[in-house]
Number of protein chains: 2
Amino acid sequence: MVRKRLAPEAAPDEPYLQIGEVAERTGVTQRTLRFYEEKGLLKPPTRMEGGFRLYSETDIQRLERIKRLKQLLGFPLAEIKEMVDAEEVKLQLKAEYRPEAALSQKKAQLLKAIEVTERQYDLIRQKVADLAEMQSKLEERLATFGDWMEQLERQLTANRKVKTKV
Amino acid sequence: MVRKRLAPEAAPDEPYLQIGEVAERTGVTQRTLRFYEEKGLLKPPTRMEGGFRLYSETDIQRLERIKRLKQLLGFPLAEIKEMVDAEEVKLQLKAEYRPEAALSQKKAQLLKAIEVTERQYDLIRQKVADLAEMQSKLEERLATFGDWMEQLERQLTANRKVKTKV
DNA sequence: TCTAACCTTGACGTTGAGGTAAGTTATCGC
DNA sequence: GCGATAACTTACCTCAACGTCAAGGTTAGA
């Protein structure tokens with residue numbers, strides 16, 4: 001687990017990371033990284049001559065988004081993939097905002113992105129609402145527990161008094 | 001899938017349901033019901049003479065809570081079990097609030113219930129916060145998309161004008 | 001009492017999400 | 001160019017959470 005070799009510093013502009021570094025920094029295993037790649041959740045990163053994977057900062061950001069969605073929503077990876085893909089459309093659009101051609105095609109893409117995002121949004125809104133309700137119920141319950149505890153305490157001290165009296 | 005026989009109407013007070021009815025009404029499969037029982041998520045229901053399972057209304061309520069937690073949190077069943085069990089402690093305490101003996105024992109139980117509930121509460125609070133943040137980000141994104149769409153529309157109509165002119 | 005519909009247990013299969021091990025190849029510092 | 005360390009692929013394993021028969025017992029209604 002000790003990392004002796006330095007990260008490849010050859011890259012001048014962007015700092016590329018090998019799989020071990022990425023694993024360490026993000027807390028996922030190398031296996032998981034390869035697995036996600038296999039499943040299309042992460043797109044194949046660039047490689048060194050010898051085939052070693054080199055992850056860019058954007059790759060890592062995507063991974064973090066995946067982690068987050070997975071943890072927060074608990075959905076199967078296939079759905080997570082869809083969601084992250086939808087985000088990517090946004091970046092794509094922003095990137096190639098130049099070419100004047102194919103405007104209507106761009107519109108179609110944008111429409112789709114909007115649709116997906118809206119679905120996502122509704123889903124999350126619903127979940128927030130449900131969870132909030134659950135939260136308030138738990139609050140109530142904790143209050144009730146507090147009351148009971150007080151009562152119990154009173155009864156206990158009362159008992160002690162009786163016993164010491166006898 | 002067609003249900004021809006009526007539910008057992010023999011029970012005068014509480015309406016007990018057979019496994020098929022429960023499955024139909026709750027949307028889970030019979031297999032899942034047996035599986036949850038096996039895993040301790042549902043306690044063994046009462047049975048008819050011949051061994052047919054008979055679920056009470058409270059059994060079903062417990063099942064619904066399980067479904068809800070599973071859907072909202074996406075946790076493994078083992079954890080869901082813990083959570084639902086914690087709720088049950090509450091009911092237990094309420095039920096046997098009579099016996100004056102073993103007060104301190106009751107206190108211990110209550111303390112544990114409080115602890116578990118607090119853990120649950122914190123967890124959910126955190127989740128709500130995270131999801132709310134994600135929600136607002138999605139909102140932003142949708143707004144941005146809207147702007148882009150407007151721009152696109154403008155460009156498109158401009159294009160059309162040019163073409164018709166030529 | 002007979003039968004259609006329902007239920008029982010048992011056992012094996014499947015899918016998702018990785019873990020683990022083996023054998024081989026790369027990289028890097030010396 | 002060598003040795004240590006890290007990565008690569010391939011393949012099999014695991015665990016959770018059910019699905020899917022198969023073979024037989026139960027129940028209610030005619």
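Letters A, B, ... mirror the listed sequences (proteins, then strands); counts begin at 1.
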Between CD of Gln30(A) and C1' of dT5(D) the distance, given in whole Å, is 12 Å

With DNA chain C as reference, determine whether Gly51(B) or Phe75(A) sits nearer its 5' end, using the nearest nucleotide of each. Gly51(B)

Once side chain to side chain donor-acceptor pair (under 3.5 Å) is applied, what residue pairs with a partner in residues 68-81 of chain B remain, sequence neighbours excluded? Lys81(B)-Asp85(B)

What's the CZ-C1' distance between Arg47(B) and dG25(D), to the nearest Å? 13 Å

Specify the separation, in whole Å, of atom CG of Leu77(A) and atom P of dA17(C). 4 Å

Pairs under 3.5 angstrom only: tabulate donor-acceptor contacts from the side chains of residues 36-50 of chain B to other protein residues two or more places apart or in another chain.
unit_1, atom_1, unit_2, atom_2, d
Glu37(B), OE1, Arg53(B), NH1, 2.7
Glu37(B), OE2, Arg53(B), NH1, 3.3
Thr46(B), OG1, Leu54(B), O, 3.0
Arg47(B), NH1, Gly51(B), O, 2.9

Could you state the atom-to-atom distance from CD of Glu21(B) to C1' of dC6(C) in whole Å? 11 Å

Report the C-alpha separation of Thr58(A) and Arg62(A) in whole Å, then their side-chain angles, then the decisive distance to 0.1 Å, and conclude whether the side chain to side chain contact (heavy atoms under 4.5 Å, CB included) test is met. CA-CA 6 Å; Thr58(A) 48; Arg62(A) 175 151 177 153; over 6 Å; no

Counting only side-chain N and O atoms of Thr29(B), is one of them less than 4.0 Å from OP1 or OP2 of dG19(D)? yes

More than 12 foreign heavy atoms under 6.0 Å from NZ of Lys107(A): is that the case here? no

Minimum heavy-atom separation for Ala86(A) to Val116(A), with atom names? CB-CG1, 3.1 Å

Between P on dA26(C) and OH on Tyr16(A), what's the gap in Å once rounded to a whole number? 22 Å

Return the 5'-most residue of the pair Glu49(B), Pro76(B) with respect to DNA chain D, ranking by each residue's nearest nucleotide. Pro76(B)

Can you figure out which of dG25(D), dA17(C), dC8(D) approaches the side chain of Phe52(B) most closely? dG25(D)

Whole-Å distance, Leu54(B) CG to dT26(D) C1', equals 12 Å

Considering just the side-chain nitrogens and oxygens of Lys81(A), establish if one lies under 4.0 Å of OP1 or OP2 belonging to dA17(C). no

From CD1 (Ile124(B)) to CG (Leu131(A)), nearest 0.5 Å: 6.0 Å

Closest nucleotide among dG19(D), dA28(D), dC7(C) to the Gln18(B) side chain: dC7(C)

Kindly write out the residues that satisfy side chain to side chain donor-acceptor pair (under 3.5 Å) with Arg34(B), not counting sequence neighbours, or none if the list is empty. Gln30(B)

List in numerical order all residues of residues 32-43 of chain A for which some heavy atom is under 4.0 Å away from an atom belonging to DNA chain C. Thr32(A), Phe35(A), Tyr36(A)

Check nucleotides 11-14 of chain C against the protein and report each pair of N or O atoms closer than 3.5 Å, with its distance, or say if there are none.
none

Identify, between Arg53(A) and Ala78(B), the residue whose nearest nucleotide on DNA chain D lies closer to the 5' end. Arg53(A)

Does Thr144(A) have any side chain to side chain donor-acceptor pair (under 3.5 Å) partners at least two apart in sequence or in another chain, and if so, which? none

State, without any angle test, whether Gln126(A) and Asp122(A) hold a side-chain donor-acceptor pair at a distance under 3.5 Å. no

Nearest-angstrom distance from the residue atom CD1 of Ile19(A) to P of dG18(C): 14 Å

